[in-house]
Amino acid sequence: METLIEETKFIMKKYNIRANKSLGQNFLISEQVVNEIVESSKIDKEDLVIEIRPGLGTLTKYLLEKAGKVIGIELDKKMVEILQDRFKLYNNFELYQQDVLKIDLKHLIKKEKENTNIKKVKIVANLPYYITTPIIMKLLEEKLDLESITVMIQKEVADRLIAIPGEKETGAITYAVYYYAIAEAILEVPKESFIPEPEVTSKVIKLNIRKEPPIEVQDKELMFKIIKSAFMQRRKTLLNALTNAQVFISKQEGIKILNKLGLNENVRAENLTIENYAELAKEISK
């Protein structure tokens, strides 16, 4: 049986493919990594899997064996031709040539659930590194009817996504992920698992979508706006960052609010828990 690296090289040669750097293409050639991604996704025949940017179809092949249906969303015309050719004999595969940031996933999922025996929907993807954050934010903020999101992304970004708010790795996106999902690390993926080798180490993470958010917050939009403003100037203290962003009307007002919440006026954005930000939003909205 040919190995994944042989199969990948064969497909690249057959279709005269070179990895497109501007589209962030690196082709996965590690069977172990593919198996780990599929295993950790816990897919069965009642599942619809939406695969974002399937590329040559390395992962797709394994997903099709396990899932009730796989929908691929691929932007690259050349990849679409390869995928259509490779999987034309599968009756549980559908492909959209579209930008995932523009597609109406809510409608797509609703349609599948109404017209098929699909019970759960899962996202699985080897995401292009240059648009990881916008894709993940879209998947979370649109409140899609999802069970989980299993993705391979740049390690540095992955560590920020799965951190607990208030830990060293915390960034603005950490709070959003924590609000919508329970995150877990699956495995680290060395550079030599791809051709061509990327410049960075990758990591597979899984976001299990929460049924209920971990905190009650009256104005979610305001809370996330405050978090964003706080991290825009993360080198500054929270007080200075929020005063500069005009979230606090004045420094004096800011000090008053922080004191009321029992927060030190030299505290920094990443030191706050999500509960702290929820209380801050409540005070500011007053």
Separation between OG of S285 and CD of Q218, rounded to the nearest 0.5 Å: 6.0 Å

Stepwise side chain to side chain donor-acceptor pair (under 3.5 Å) check, N276 with T273: CA-CA 5 Å; N276 291 147; T273 62; 3.1 Å; yes

Residues E65 and Y90: side-chain donor-acceptor under 3.5 angstrom: yes

Heavy-atom side-chain proximity of R160 to T170 below 4.5 angstrom: no

Criterion ring pair (Phe, Tyr, Trp, His ring centres under 6.0 Å) against Y175, the qualifying member of Y180, F224, Y277: Y277

Contact check, side chains of D76 and Q97, non-hydrogen atoms, under 4.5 Å: no

Pair N117, E46: side-chain N/O donor-acceptor within cut-off below 3.5 Å: no

Heavy atoms from other residues, nucleotides or ligands near NZ of K138 exceed 12 (cutoff 6.0 Å): yes

Side chain to side chain, K206 and I149, heavy atoms closer than 4.5 Å: no

Candidate list K122, K66, K119, test side-chain hydrogen bond (donor to acceptor under 3.5 Å, both in side chains), partner D47, passing option: K122

Residue pair K251 / N240, side-chain donor-acceptor N/O under 3.5 Å: yes

Flag side-chain contact, heavy atom, 4.5 Å: T150 against K42: no

Pair Y15-D85, side-chain donor/acceptor within less than 3.5 Å: yes

